[in-house]
Amino acid sequence: MKTLAHNALSPKEESRREEIIAASASVFFEKGFSRTSMDDVIAIIGGSKRTLYRYFPSKDELFFAVVTGVADRTMEGLKVKHNRDLRQTLMTFGEGYLRTVISPDGLSLFRAVSSEAPHLPKLGERFLQDATNRVSQLLADYFEEQNQRQPAEPIGNPKLAAGQFLALVRGQIHIAALLGGPIPSEGDLVIMVSQAVETFLHGAVSRKSPIETS
């Protein structure tokens, strides 16, 4: 059966592809990858299995497309405003990031990837590339710029520091939310991010450049 290359789709075909991805996300996230069949997807989107396989030749490819699509949608609003005030920039970005990862889409995406990545190694790699690394790089680029502005107080190893800051922001609240725990109120969220920012600044900013790690 001839499949449709993504980069060769007509506007109508692209629209149909996006409809399939959006509808498939709900059933994959509800039932899990292993318990979802292509027939389950057909039951939601309609049409024939032959048409579905023209867009996605396997369930793996469809699930990869779902993960990529949801990651794009979930992370698209995350921007680093390159403010000279490091603390305020970290607060603004940190709040947006924490809201994103504990949002319904963010939690569903992380649960799905965590569950299936051991069986689908390429899925974990794609998630790292499309979500985790992309967000971390946004912050690392800002740290590089900040180091040029404030050479006397550099942030050592911006790429590593970016990942560490994001881990501080997620804290235990992300794990708790993944396990069905309560989502923090807006006021509590701000307090959590503020604490993460202060911890990061006191530990990462120094007048002596720390030892770089590769």
Side-chain angles (χ1 to χ4, degrees), residues 67-68 70-115 117 124-214:
V67 168
T68 300
V70 175
D72 285 343
R73 185 177 71 248
T74 303
M75 303 297 173
E76 67 181 355
L78 283 175
K79 308 289 182 184
V80 177
K81 296 182 179 179
H82 288 222
N83 192 317
R84 290 180 180 274
D85 186 329
L86 177 60
R87 178 177 277 100
Q88 185 56 53
T89 298
L90 292 177
M91 278 296 302
T92 301
F93 186 77
E95 289 173 18
Y97 175 70
L98 186 54
R99 290 189 192 99
T100 296
V101 297
I102 64 174
S103 69
D105 273 353
L107 292 173
S108 294
L109 179 63
F110 198 92
R111 289 177 183 132
V113 173
S114 298
S115 174
E125 294 174 9
R126 183 168 297 188
F127 180 72
L128 284 173
Q129 176 181 340
D130 292 341
T132 305
N133 291 348
R134 186 171 68 187
V135 174
S136 183
Q137 191 60 52
L138 288 173
L139 202 54
D141 290 344
Y142 169 71
F143 288 161
E144 292 278 8
E145 180 181 300
Q146 190 70 11
N147 283 350
Q148 294 178 11
R149 290 175 175 169
Q150 302 289 343
E153 296 183 335
I155 296 174
N157 197 328
K159 187 173 183 178
L160 178 60
Q164 291 173 333
F165 175 72
L166 296 178
L168 280 171
V169 171
R170 289 193 304 273
Q172 290 193 346
I173 191 61
H174 185 225
I175 296 176
L178 285 169
L179 298 177
I183 302 299
S185 66
E186 185 64 19
D188 287 340
L189 182 146
V190 171
I191 292 173
M192 293 172 185
V193 174
S194 178
Q195 181 64 39
V197 170
E198 295 306 315
T199 300
F200 176 80
L201 290 178
H202 289 304
V205 178
S206 172
R207 291 187 179 278
K208 292 183 179 180
S209 182
I211 298 175
E212 298 283 337
T213 58
S214 58

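Just so you know, residue 1 is the first one in the sequence shown, and it goes up from there.
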Review point. Who passes salt bridge (Lys or Arg N to Asp or Glu O under 4.0 Å) against E198, sequence neighbours left out?
Key: R87
Practice item. Could you tell me which residues satisfy side-chain contact (heavy atoms from CB on, under 4.5 Å) with S108, sequence neighbours excluded, listed by chain and number? Key: F29
Review point. With sequence neighbours excluded, what pairs up with L178 under the side-chain contact (heavy atoms from CB on, under 4.5 Å) test?
Key: L107, F110, R111, H174
**Study point:** ring pair (Phe, Tyr, Trp, His ring centres under 6.0 Å) partners of residues 145-166, not counting sequence neighbours, each pair once
**Key:** F165-F200
Revision key, fill the gap. For residues 133-151, the salt bridge (charged side-chain N to carboxylate O under 4.0 Å, His left out) pairs (sequence neighbours left out) are D72-R134, E145-R149
Check your understanding: Under the side-chain hydrogen bond (donor to acceptor under 3.5 Å, both in side chains) test, which residues partner Q88, sequence neighbours left out?
Key -> T92
Check your understanding: Who pairs with T100 by side-chain hydrogen bond (donor to acceptor under 3.5 Å, both in side chains), at least two apart in sequence or on another chain?
Key -> none
Check your understanding: If you measure from CG on L90 to CD on Q146, what distance do you get to the nearest 0.5 Å?
Key -> 8.5 Å
Check your understanding: Backbone N or O of I155 within a donor-acceptor pair of the N147 side chain at under 3.5 Å?
Key -> yes
Exercise for review: Only counting residues at least two apart or in another chain, list the ones meeting side-chain hydrogen bond (donor to acceptor under 3.5 Å, both in side chains) with Q150.
Suggested key: none
Point to revise | Heavy-atom check, side chain of L86 versus side chain of Y142, under 4.5 Å | key: yes
Practice item. Please list, chain by chain and in numerical order, all residues satisfying side-chain contact (heavy atoms from CB on, under 4.5 Å) with R73, sequence neighbours excluded. Key: V70, E76, D105
Practice item. Scan residues 176-190 for pairs that pass side chain to side chain donor-acceptor pair (under 3.5 Å), counting only residues two or more places apart or in two chains. Key: R99-E186, S185-D188
Practice item. List for me each residue that meets side-chain contact (heavy atoms from CB on, under 4.5 Å) alongside L166, sequence neighbours excluded, and say none if there are none. Key: F93, Y97, V135, S136, L139, R170
